[in-house]
Amino acid sequence: MRYPLLFAALLPATLAAQAPAPIDAVDPMIGTGGEGHTFPGATAPFGMVQLSPDTDTSCVIRECYSHAAGYRYEDPTIQGFSHTHFSGAGHSDLGDVLVMPVAGDTVSLDPGDPKRPGSGYRSRFGHKTEVAHPGYYAVKLADSGVRAEMTAGTRIGVHRYTFPANKAAHLVIDLRSSLYNYPGKVLWSGLHLRPDGTLTGFRETRGWAPGRKLYFAMRFSAPLIDHGFVDREENVPYKGFQGPGRGSDALAEKLGRALEARLDFGVLTKPLEVNVALSGVDENAAVANLASEAGGFDAVRARTTAAWNKALGAVQIDAPAATRINVYTALYHALLAPSVWSDADGRYRGPDDQVHQAKGFTFRSTFSLWDTFRAEHPLLTLVQPEQTTADVVQSLVASQQVSPDGILPVWQFAGRETWCMIGYHAVPVIADAYMKGLRGFDAEAALAAMVASADHRSYGGLGDYIDRGYVPIDKEPEAASKTVEYAFDDWSIARMARAMGKTAIADRFDKRAGNWRNSFDAKTGWLRARLSSGAFRTPFDPTAINYGSDYTEGNAWQYSWFVPQDEASLIQTLGGDRQTIAKLDAMFDFDNSKVDYSHAEDIAGLIGQYIHGNEPSHHVAYLYDYAGAPWRTQERLKQIVDTQYKPTPEGLAGNDDLGQMSAWLVFTALGFYPVTPGSNQYAIGRPFVSRAVMNLPNGKRFTVLADGLSDANRYVGAVTLNGKPLARSYVTDAEIRSGGELRFTMAATPNKTWASSKAARPYSMSTR
């Protein structure tokens, strides 16, 4: 929102090369409309606090889907500014500790009706008054006349409110407000005003993650002249968690299930700043987190701006302005999670609801692993390897070690497990890091956690999978998807175990990695669900998508390609290269005019039966490489990028899913993609930037050049690596980390012989 996007899109490439720094190319508004589910507010890289406006929190259960991030671009009002948000999730929760400034003599404690201005503390706003940068958000609240600004550090958020002259300043703190709301979500909450003027509090919620506890501490740049604590549901007892309480130490205290605070500051002569820290441990820990990031609004903003400049500087991009905005915003979104969850002293609340101490690492949470194992985590191994090794892997293993279920995280946030989606996809995240030579974690403990998760018989049909070699659909929903996803996870265990010299473990899981064949119907060419009897379930429709059916958020068209560990065997099963290419083409060219997917929320970004808005399709365009036709990959990538990514609020075709949609674009723009995390290879596609330099943490630089890149020159004519011809359709992780130059010569017509031989194709377990 720093300059008109239409004008930016018309800038020539020569001017784009002189464009502002990476942080100035980021537009946090991308994805806030349509189905992107991103938020525009202020956060630091991987920050615990995501301080952002909520435009509507009145939805209930599944109706919250469109407001999963709290903010939706087309909404006309802002209800307030809360401190926790997901970026691009397909499910909603969070929206904790909502703050709203109020000016004047009257303070309403109800948000009001967005269709009735003045009916509550909610306010109208206009996009022309909004400013969104990494680490900064501002807006003019039209009804109150308050200018609201937000910034954030790692564990704190800072508000700055400029009130109209000669009008009394107030804040409403609403602990009832939440995303994914329904009656009884807030189990208990508390407010405590301490003698030094610090407001602390907590709440326990029952939402997507059950029994989630969050604490906060809040300090103000001006003294309170009055206040009021209100329980909107008086006399509702709760015998469970009561919070720490401040007792005689508190000037004022209120416990209840529906708490609000009215804070009065009188007429102010300068802006009011509010520093807010969060913690999962207790209120005193939140106070300590406040002290760990001292300074006012401008100091915190400066530190976070510097952090974003460093993080985004991992990749330098030369491209036309619209592409540059898209790619840098994608990199920004990829650096929001997994978010910090441990306090400044290293303590955190784990999946067992107990407080633990992280020793030598920062505990991270917000793991949407079914989505992010594909490209998000592989991208972090290149641009943020210290977070991947020292933090992410150790956090995953630490979670498993104290989990009541003894399994690695599946979809975890705030240290709590949701059991959303399928697979045990923390396994390939760990294996990919280990295979790339990244260390800083206990590999023996990590492998033990991986094996324990893969052998957890009560999880998602794993017992039957272990005994039969497939998940039977009459005993477990989404059985076809689970079978092939388990098989890939098993392969990644085998890879890491073999590299560690654990031959027995490697052999066992190599065998399990072939279980995908047990659900693949070679006669019809489709992945299908099987019954306990061994028969394939009928009737069968490869286009059918229903929740709880044979597949997870997809159908046979997408899932029949999910054999990333052995695409060569899949191609052989389909009858060879020609038949595989024909089936891939049929997928992209499918006529959907008679297919209705309006009942399926996550099915967006359709190109035929290719569904870019959801993850099972994300590797499919690269599979032409495996069939000896990289030029077809190049065509399909152009088709996908042109239709699925725009520098507008509606610019993401589907949920960003904690950075996965964005990581796909970052990799694809650079010209390669991790089809098989753990293989140490990236399948080559085609670049979408004229020049990119990866500034690797080891001090090396890996440069990608695209000579002659244009809309007309959409094909790869030739490739060189460090000046020597590259005849294969993959580049290795070691080649990237060693630094050097990958140069593409682009052409208007396809080179159908380049990388077409079987020896030139990317990794498959059956051919390596």
Side-chain angles (χ1 to χ4, degrees), residues 374 480-481 484 516-517 519-529 536-546 549-564 566-597 600 602-644 653-654 664 668 673 675 683 685-686 714-715 729 750 752 755-756 758 761-762 764:
R374 305 164 198 266
S481 296
V484 294
W516 66 271
R517 296 183 180 88
S519 266
F520 199 91
D521 182 4
K523 292 182 179 179
T524 63
W526 298 107
L527 178 74
R528 296 178 61 183
F536 290 107
R537 180 155 82 165
T538 58
F540 172 69
D541 176 1
T543 67
I545 294 176
N546 291 291
S549 66
D550 297 1
Y551 309 94
T552 301
E553 293 188 2
N555 61 28
W557 273 107
Q558 296 93 51
Y559 264 101
S560 293
W561 302 108
F562 192 81
V563 192
D566 202 359
E567 297 292 351
S569 285
L570 175 62
I571 289 169
Q572 185 180 29
T573 302
L574 290 173
D577 293 347
R578 183 176 299 178
Q579 291 87 341
T580 298
I581 293 168
K583 187 161 187 170
L584 284 166
D585 284 344
M587 179 184 193
F588 282 96
D589 298 335
F590 189 92
D591 181 2
N592 286 318
S593 60
K594 296 182 180 180
V595 180
D596 181 13
Y597 290 145
D602 285 304
I603 307 307
L606 275 73
I607 303 175
Q609 282 292 309
Y610 175 88
I611 303 176
H612 192 70
N614 210 21
E615 281 65 29
S617 288
H618 275 192
H619 69 299
V620 174
Y622 287 90
L623 297 188
Y624 291 99
D625 281 6
Y626 294 76
W631 65 277
R632 294 294 279 156
T633 285
Q634 296 153 27
E635 285 185 336
R636 295 305 184 187
L637 293 177
K638 175 67 171 169
Q639 186 179 12
I640 295 166
V641 171
D642 283 356
T643 59
Q644 307 296 304
W664 187 96
T668 296
Y673 183 81
V675 169
R686 50 142 295 180
R714 61 184 58 193
Y715 295 101
S729 57
K752 296 184 180 181
S756 60
K758 292 189 183 298
R761 302 176 188 183
S764 284

Beyond-backbone contact of [X] with [Y], side-chain heavy atoms, under 4.5 angstrom:
X      : Y      : result
Gln644 : Ile607 : yes
His612 : Val620 : no
Arg374 : His619 : no

Can you see whether Tyr624 has Arg636 sitting over its ring - NZ or CZ less than 6.0 Å from the centre and within 45° of the normal? no
Can you confirm whether more than 12 heavy atoms, excluding those of Gln572, are under 6.0 Å from its CD atom? no
Please report the interatomic distance CZ(Phe562) to OG(Ser519), rounded to the nearest 0.5 Å. 13.5 Å
Residues two or more places apart in sequence or in another chain: which of them pass side-chain contact (heavy atoms from CB on, under 4.5 Å) with Thr573? Trp516, Phe520, Ala522
Sequence neighbours excluded, which residues qualify as side-chain contact (heavy atoms from CB on, under 4.5 Å) partners of Asp541? Thr543, Ala544
Audit row: Trp561, Thr580, side-chain contact (heavy atoms from CB on, under 4.5 Å) steps and yes/no: CA-CA 10 Å; Trp561 302 108; Thr580 298; 3.9 Å; yes
[Y] versus [X], side-chain donor and acceptor atoms under 3.5 Å:
X      : Y      : answer
Ser569 : Asp566 : yes
Asp625 : Tyr673 : no
Tyr622 : Thr668 : yes

Is a side-chain N or O of Ser560 found less than 3.5 angstrom from the main chain of Trp526, in a donor-acceptor match? no
Check this for me, if you would: do Arg714 and Asp642 make a salt bridge, where the nitrogen-to-carboxylate-oxygen distance has to be below 4.0 angstrom? no
